[in-house]
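Read through the structure below, which is laid out as C-alpha coordinates, and then see the notes.
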Amino acid sequence: MPEAKETIENIGFGGLKLIQSADGFRFGVDAVLLSDFANRFCGSALEIADLGTGNGIIPMILSHKNSACHITGFDVQQQAVDMAGRSCELNSLNGRLDFFCCDVKNISAEYPELTGNMDAVVSNPPYIARGSGMVSDKDGLRIARQESSADLEDFMLAASLLLKERGHFFMVYRPSRLVDVFYYGRKHGLEAKDMRFVTPREGGKANIVLVHFVLGGGHELNIMEELPVRDPEGNYSPEIMGIYEKTG
(Lines give C-alpha, C1' and ligand atoms only; values in the text may rest on other atoms or scores of the structure.)
Protein backbone atom coordinates (compact mmCIF):
# COMPACT_ATOMS: atom_id res chain seq x y z
CA MET A 1 0.00 0.00 0.00
CA PRO A 2 1.28 3.51 -0.80
CA GLU A 3 2.50 5.33 2.26
CA ALA A 4 0.83 8.53 3.43
CA LYS A 5 2.18 11.90 2.32
CA GLU A 6 3.20 11.01 -1.20
CA THR A 7 2.99 13.18 -4.30
CA ILE A 8 2.78 12.33 -7.99
CA GLU A 9 4.65 14.85 -10.10
CA ASN A 10 5.04 15.33 -13.83
CA ILE A 11 8.81 15.58 -14.24
CA GLY A 12 8.81 16.22 -17.99
CA PHE A 13 11.03 13.99 -20.12
CA GLY A 14 8.21 12.85 -22.36
CA GLY A 15 5.51 13.25 -19.74
CA LEU A 16 6.98 10.91 -17.12
CA LYS A 17 5.37 10.93 -13.69
CA LEU A 18 7.22 10.19 -10.47
CA ILE A 19 5.88 9.18 -7.07
CA GLN A 20 7.82 10.92 -4.30
CA SER A 21 7.64 11.12 -0.55
CA ALA A 22 6.28 14.52 0.45
CA ASP A 23 8.58 14.81 3.47
CA GLY A 24 11.39 12.38 2.60
CA PHE A 25 14.04 12.22 -0.12
CA ARG A 26 13.10 14.12 -3.28
CA PHE A 27 15.19 14.20 -6.42
CA GLY A 28 17.25 17.24 -7.33
CA VAL A 29 19.52 18.53 -10.05
CA ASP A 30 22.19 15.89 -9.27
CA ALA A 31 20.03 13.08 -10.66
CA VAL A 32 19.10 15.00 -13.80
CA LEU A 33 22.71 15.97 -14.51
CA LEU A 34 23.95 12.42 -13.95
CA SER A 35 21.34 11.00 -16.33
CA ASP A 36 22.32 13.45 -19.05
CA PHE A 37 26.05 12.91 -18.45
CA ALA A 38 25.75 9.13 -18.69
CA ASN A 39 23.59 9.28 -21.80
CA ARG A 40 26.06 11.57 -23.59
CA PHE A 41 28.85 9.02 -23.30
CA CYS A 42 26.87 5.79 -23.33
CA GLY A 43 23.58 6.47 -25.08
CA SER A 44 23.50 3.05 -26.72
CA ALA A 45 23.95 0.98 -23.54
CA LEU A 46 21.56 -1.94 -23.37
CA GLU A 47 22.03 -3.08 -19.75
CA ILE A 48 22.38 -0.42 -17.06
CA ALA A 49 22.42 -0.65 -13.26
CA ASP A 50 21.66 2.18 -10.83
CA LEU A 51 23.22 1.86 -7.37
CA GLY A 52 21.25 3.62 -4.63
CA THR A 53 18.32 4.22 -6.95
CA GLY A 54 16.04 5.83 -4.34
CA ASN A 55 12.67 6.62 -5.90
CA GLY A 56 13.92 5.55 -9.32
CA ILE A 57 14.38 8.99 -10.85
CA ILE A 58 17.59 8.17 -12.76
CA PRO A 59 16.21 4.99 -14.40
CA MET A 60 13.06 6.92 -15.32
CA ILE A 61 15.00 9.67 -17.09
CA LEU A 62 17.40 7.24 -18.77
CA SER A 63 14.48 5.16 -20.04
CA HIS A 64 13.29 8.27 -21.86
CA LYS A 65 16.70 9.16 -23.27
CA ASN A 66 17.58 5.60 -24.36
CA SER A 67 14.52 3.72 -25.57
CA ALA A 68 16.44 0.45 -26.05
CA CYS A 69 17.93 0.03 -22.58
CA HIS A 70 16.93 -2.16 -19.65
CA ILE A 71 17.74 -0.71 -16.23
CA THR A 72 18.06 -2.45 -12.88
CA GLY A 73 17.89 -0.26 -9.78
CA PHE A 74 19.10 -1.27 -6.31
CA ASP A 75 18.40 0.42 -3.01
CA VAL A 76 18.74 -0.60 0.63
CA GLN A 77 15.37 0.96 1.54
CA GLN A 78 12.34 -1.22 0.81
CA GLN A 79 10.04 1.79 0.94
CA ALA A 80 12.01 3.53 -1.82
CA VAL A 81 12.04 0.38 -3.96
CA ASP A 82 8.27 0.01 -3.60
CA MET A 83 7.79 3.63 -4.60
CA ALA A 84 10.04 3.23 -7.65
CA GLY A 85 8.14 0.12 -8.67
CA ARG A 86 4.82 1.93 -8.51
CA SER A 87 6.24 4.78 -10.62
CA CYS A 88 7.37 2.17 -13.12
CA GLU A 89 3.82 0.82 -13.37
CA LEU A 90 2.37 4.32 -13.55
CA ASN A 91 4.53 5.04 -16.62
CA SER A 92 3.97 1.60 -18.24
CA LEU A 93 7.69 0.81 -18.02
CA ASN A 94 7.31 -2.75 -16.73
CA GLY A 95 9.80 -4.98 -18.47
CA ARG A 96 12.23 -2.11 -19.03
CA LEU A 97 12.89 -1.21 -15.40
CA ASP A 98 13.38 -3.54 -12.43
CA PHE A 99 13.95 -2.51 -8.82
CA PHE A 100 15.38 -4.63 -6.01
CA CYS A 101 15.91 -4.03 -2.32
CA CYS A 102 19.55 -4.91 -1.71
CA ASP A 103 22.55 -3.36 -0.01
CA VAL A 104 25.18 -2.56 -2.64
CA LYS A 105 27.67 -4.66 -0.65
CA ASN A 106 25.55 -7.75 -1.33
CA ILE A 107 24.54 -7.34 -4.98
CA SER A 108 27.16 -9.69 -6.44
CA ALA A 109 26.28 -12.38 -3.89
CA GLU A 110 22.49 -12.06 -4.18
CA TYR A 111 22.39 -11.48 -7.96
CA PRO A 112 25.41 -13.37 -9.36
CA GLU A 113 23.79 -13.55 -12.79
CA LEU A 114 24.29 -9.80 -13.15
CA THR A 115 28.03 -9.87 -12.39
CA GLY A 116 30.03 -8.70 -15.40
CA ASN A 117 26.83 -8.18 -17.39
CA MET A 118 26.34 -4.38 -17.36
CA ASP A 119 27.29 -2.03 -20.17
CA ALA A 120 26.99 0.90 -17.77
CA VAL A 121 26.45 1.61 -14.08
CA VAL A 122 25.28 4.93 -12.66
CA SER A 123 25.23 6.11 -9.06
CA ASN A 124 24.52 9.12 -6.88
CA PRO A 125 26.03 7.72 -3.65
CA PRO A 126 25.54 9.28 -0.21
CA TYR A 127 28.10 12.07 -0.17
CA ILE A 128 28.55 12.68 3.54
CA ALA A 129 31.16 10.38 5.08
CA ARG A 130 30.01 8.17 7.91
CA GLY A 131 30.26 9.97 11.25
CA SER A 132 30.65 13.47 9.82
CA GLY A 133 28.34 16.33 8.93
CA MET A 134 24.84 17.21 10.04
CA VAL A 135 22.07 15.02 8.65
CA SER A 136 18.31 14.75 8.91
CA ASP A 137 16.74 12.71 11.67
CA LYS A 138 14.43 11.17 9.06
CA ASP A 139 15.73 7.74 8.07
CA GLY A 140 15.13 8.10 4.33
CA LEU A 141 16.96 11.40 4.10
CA ARG A 142 19.79 10.22 6.33
CA ILE A 143 20.41 7.07 4.29
CA ALA A 144 20.27 9.01 1.02
CA ARG A 145 22.75 11.64 2.16
CA GLN A 146 25.14 9.98 4.63
CA GLU A 147 27.04 6.72 4.31
CA SER A 148 25.29 4.09 6.44
CA SER A 149 25.81 0.38 5.84
CA ALA A 150 27.70 0.99 2.58
CA ASP A 151 30.38 3.61 1.98
CA LEU A 152 31.89 5.15 -1.15
CA GLU A 153 34.28 2.25 -1.69
CA ASP A 154 31.41 -0.25 -1.49
CA PHE A 155 29.55 1.60 -4.25
CA MET A 156 32.61 1.69 -6.50
CA LEU A 157 33.46 -1.95 -5.87
CA ALA A 158 29.88 -2.96 -6.68
CA ALA A 159 30.07 -1.02 -9.95
CA SER A 160 33.33 -2.72 -10.95
CA LEU A 161 31.83 -6.16 -10.26
CA LEU A 162 28.69 -5.48 -12.29
CA LEU A 163 30.43 -4.03 -15.35
CA LYS A 164 31.65 -5.80 -18.43
CA GLU A 165 35.30 -5.21 -19.25
CA ARG A 166 35.57 -1.70 -20.69
CA GLY A 167 32.14 -0.95 -19.27
CA HIS A 168 31.26 2.56 -18.12
CA PHE A 169 30.62 3.88 -14.62
CA PHE A 170 29.11 7.32 -14.07
CA MET A 171 28.77 9.02 -10.73
CA VAL A 172 27.80 12.41 -9.33
CA TYR A 173 29.48 13.46 -6.11
CA ARG A 174 30.99 16.33 -4.15
CA PRO A 175 34.34 17.84 -5.24
CA SER A 176 35.62 17.78 -1.65
CA ARG A 177 35.90 13.98 -1.84
CA LEU A 178 37.52 13.65 -5.24
CA VAL A 179 40.73 12.22 -3.78
CA ASP A 180 38.70 9.32 -2.35
CA VAL A 181 36.80 8.92 -5.62
CA PHE A 182 39.96 8.55 -7.71
CA TYR A 183 41.70 6.36 -5.14
CA TYR A 184 38.86 3.84 -4.82
CA GLY A 185 38.23 3.91 -8.55
CA ARG A 186 41.78 2.91 -9.46
CA LYS A 187 41.89 0.40 -6.59
CA HIS A 188 38.98 -1.46 -8.19
CA GLY A 189 40.00 -1.11 -11.83
CA LEU A 190 37.88 1.94 -12.63
CA GLU A 191 39.92 4.56 -14.44
CA ALA A 192 38.58 8.12 -14.56
CA LYS A 193 38.26 9.26 -18.18
CA ASP A 194 36.07 12.39 -18.09
CA MET A 195 35.22 14.86 -15.34
CA ARG A 196 32.98 17.91 -15.26
CA PHE A 197 32.54 20.42 -12.46
CA VAL A 198 29.12 21.98 -11.90
CA THR A 199 28.84 25.45 -10.38
CA PRO A 200 25.77 27.22 -8.96
CA ARG A 201 26.59 30.23 -11.16
CA GLU A 202 29.09 30.97 -13.91
CA GLY A 203 32.53 31.50 -12.38
CA GLY A 204 31.42 30.22 -8.98
CA LYS A 205 32.95 27.49 -6.87
CA ALA A 206 31.98 23.98 -7.96
CA ASN A 207 29.64 22.11 -5.59
CA ILE A 208 28.98 19.09 -7.81
CA VAL A 209 31.29 16.93 -9.92
CA LEU A 210 30.40 14.37 -12.59
CA VAL A 211 32.93 11.62 -13.27
CA HIS A 212 33.02 9.00 -16.02
CA PHE A 213 35.10 5.86 -15.43
CA VAL A 214 35.95 2.95 -17.70
CA LEU A 215 36.67 -0.48 -16.24
CA GLY A 216 40.19 -1.28 -17.36
CA GLY A 217 40.55 2.06 -19.14
CA GLY A 218 43.81 3.85 -19.90
CA HIS A 219 45.41 6.49 -17.67
CA GLU A 220 44.22 9.74 -19.22
CA LEU A 221 41.64 12.15 -17.78
CA ASN A 222 39.73 14.74 -19.80
CA ILE A 223 38.63 17.82 -17.82
CA MET A 224 35.48 19.15 -19.45
CA GLU A 225 34.24 22.73 -19.50
CA GLU A 226 32.44 23.63 -16.28
CA LEU A 227 28.66 23.66 -16.26
CA PRO A 228 26.95 26.62 -14.53
CA VAL A 229 23.43 25.90 -13.29
CA ARG A 230 22.38 29.57 -13.42
CA ASP A 231 23.47 32.59 -15.43
CA PRO A 232 24.62 35.86 -13.78
CA GLU A 233 20.99 37.06 -13.64
CA GLY A 234 19.93 33.98 -11.68
CA ASN A 235 18.07 32.26 -14.51
CA TYR A 236 18.78 28.68 -15.47
CA SER A 237 21.63 28.55 -17.98
CA PRO A 238 20.82 27.58 -21.58
CA GLU A 239 22.57 24.22 -21.17
CA ILE A 240 20.61 23.40 -18.03
CA MET A 241 17.38 24.28 -19.84
CA GLY A 242 18.41 21.89 -22.60
CA ILE A 243 19.27 19.14 -20.13
CA TYR A 244 15.80 19.49 -18.59
CA GLU A 245 14.35 19.55 -22.12
CA LYS A 246 12.69 22.88 -21.50
CA THR A 247 12.41 25.92 -23.75
CA GLY A 248 11.85 29.58 -22.97
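Please read all numbers here as calculations on a predicted model, not as lab measurements. All residue numbers in this chain count up from 1 along the given sequence.
In this structure, V172 and F37 have side chains that are not in contact, with every pair of non-hydrogen atoms separated by 4.5 Å or more. In this structure, the side chains of F100 and V81 stay at 4.5 Å or more apart for every pair of heavy atoms. Contact check for I48 versus M118: no side-chain heavy atoms found under the 4.5 Å cut-off. At least one side-chain heavy atom of R40 sits under 4.5 Å from a side-chain heavy atom of R196. Between I71 and M60, every side-chain heavy-atom pair lies at or beyond the 4.5 Å cut-off. At a threshold of 4.5 Å between non-hydrogen side-chain atoms, the residues T7 and I19 do not count as touching. In this structure the side chain of V181 reaches within 4.5 angstrom of the side chain of M156, judged on heavy atoms. By the 4.5 Å heavy-atom criterion applied to side chains, I61 and V32 are counted as neighbours.
Atom-to-atom distance recorded for D98:CG and T72:OG1 is 5.5 Å, nearest 0.5 angstrom. Between the OG atom in S87 and the CD1 atom in I57 there is a gap of 8.5 Å [rounded to 0.5 Å]. Here CD1 of I58 is found 12.0 Å from CZ of F170. Values are rounded to the nearest 0.5 Å. Atom CZ in R201 sits 11.0 Å away from atom OG in S237 (nearest 0.5 Å). Atom OG1 of T199 and atom CG of L227 lie 7.0 Å apart (nearest 0.5 Å). Distance check: Q20 CD to I11 CD1 gives 8.0 Å after rounding to the nearest 0.5 Å.
A salt bridge does not link D82 with R86: none of the charged nitrogens is closer than 4.0 Å to a carboxylate oxygen. A salt bridge is defined here as a Lys NZ or Arg NE, NH1 or NH2 lying under 4.0 Å from an Asp or Glu carboxylate O, and K164 with E47 fails to meet this definition. Residues E191 and R186 are paired through a salt bridge, judged by an N-O separation under 4.0 Å between the basic side chain and the carboxylate. Ion pairing between K105 and E110 fails under the 4.0 Å rule for side-chain N and carboxylate O. Using a cut-off of 4.0 Å between Lys/Arg side-chain N and Asp/Glu carboxylate O, E239 and K246 are scored as not salt-bridged. Remark: D180 does not engage R174 in a salt bridge, criterion side-chain N to carboxylate O under 4.0 Å.
Looking at R96, its side chain does come within 3.5 Å of a backbone N or O of C69 through a donor-acceptor pair. Judged by distance alone, the side chain of N106 and the main-chain N or O of A109 form no donor-acceptor pair under 3.5 Å. Using a distance-only test at 3.5 Å, with no hydrogens or angles considered, no donor-acceptor pair links the side chain of N66 to the main chain of S63. Between the side chain of S160 and the main chain of G189, no donor-acceptor pair closer than 3.5 Å is present. Proximity of a side-chain donor or acceptor of N91 to a complementary backbone N or O of L93 within less than 3.5 Å is not detected. Side-chain N or O atoms of N235 include none that pairs as donor or acceptor with a backbone N or O of D231 at under 3.5 Å. No donor-acceptor pair under 3.5 Å is formed between the side chain of N10 and the backbone N or O of K17. A donor-acceptor pair under 3.5 Å is absent between the side-chain atoms of S35 and the main chain of L62, judged by distance alone.
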Evaluation steps, side chain to side chain contact (heavy atoms under 4.5 Å, CB included), between I107 and T115: CA-CA 9 Å; I107 292 173; T115 299; over 6 Å; no
Run the numbers on F197 and L178 for side chain to side chain contact (heavy atoms under 4.5 Å, CB included), then give the verdict. CA-CA 11 Å; F197 290 108; L178 265 176; 3.7 Å; yes
Before you tell me yes or no, could you show the steps for E6 and M83 under side chain to side chain contact (heavy atoms under 4.5 Å, CB included), namely the whole-Å CA-CA distance, both residues' side-chain angles and the distance that decides it to 0.1 Å? CA-CA 9 Å; E6 287 183 349; M83 198 179 304; 3.7 Å; yes
Kindly determine whether L152 and R177 satisfy side chain to side chain contact (heavy atoms under 4.5 Å, CB included), including the steps that lead there. CA-CA 10 Å; L152 174 62; R177 297 195 65 192; 4.2 Å; yes
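Following chains of ILVMFWY side-chain contacts shorter than 4.5 Å, one cannot reach I223 starting from V179, and the two form parts of different hydrophobic clusters.
More than 12 heavy-atom neighbours from other residues, nucleotides or ligands sit within 6.0 angstrom of CD on Q78. Residue E165 places its CD atom among more than 12 non-hydrogen atoms of other residues, nucleotides or ligands, all under 6.0 Å distant. The neighbour count for E202 CD, taken as heavy atoms of other residues, nucleotides or ligands under 6.0 Å away, does not exceed 12. Heavy-atom neighbours of F182 CZ from other residues, nucleotides or ligands within 6.0 Å: above the threshold of 12. Dense packing is recorded around CZ of F41, with more than 12 heavy atoms of other residues, nucleotides or ligands lying under 6.0 Å away.
Contact record, A68 with L46: O-CD2, 3.9 Å, taken as the closest heavy-atom pair. For the residue pair F13 and I243, the shortest heavy atom distance occurs at CE2-O, 3.4 Å. Among all heavy-atom pairs drawn from A80 and D75, the shortest one is CB-OD1, 4.1 Å. For G52 against F155, the heavy-atom pair with the smallest separation is N-CE2, 4.1 Å. Counting all heavy atoms, side chain and backbone alike, D119 lies closest to A45 at CB-CB, 3.9 Å. Nearest heavy-atom pair, V122 versus F169, reported as atom, atom and distance to 0.1 Å: C-CE1, 4.3 Å.
No side-chain donor from either of N117 and E113 sits under 3.5 Å from a side-chain acceptor of the other.
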Enumerate donor-acceptor pairs with a distance under 3.5 Å from any side-chain N or O in residues 204-216 to protein atoms, sequence neighbours excluded.
residue	atom	partner	partner atom	Å
H212	ND1	D194	OD2	2.8
H212	NE2	H168	ND1	2.8

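When hydrophobic side chains of Ile, Leu, Val, Met, Phe, Trp and Tyr are connected at separations under 4.5 Å, L161 ends up clustered with L157.
Aromatic rings from F99 and F74 are positioned such that their centres are separated by 6.0 Å or more.
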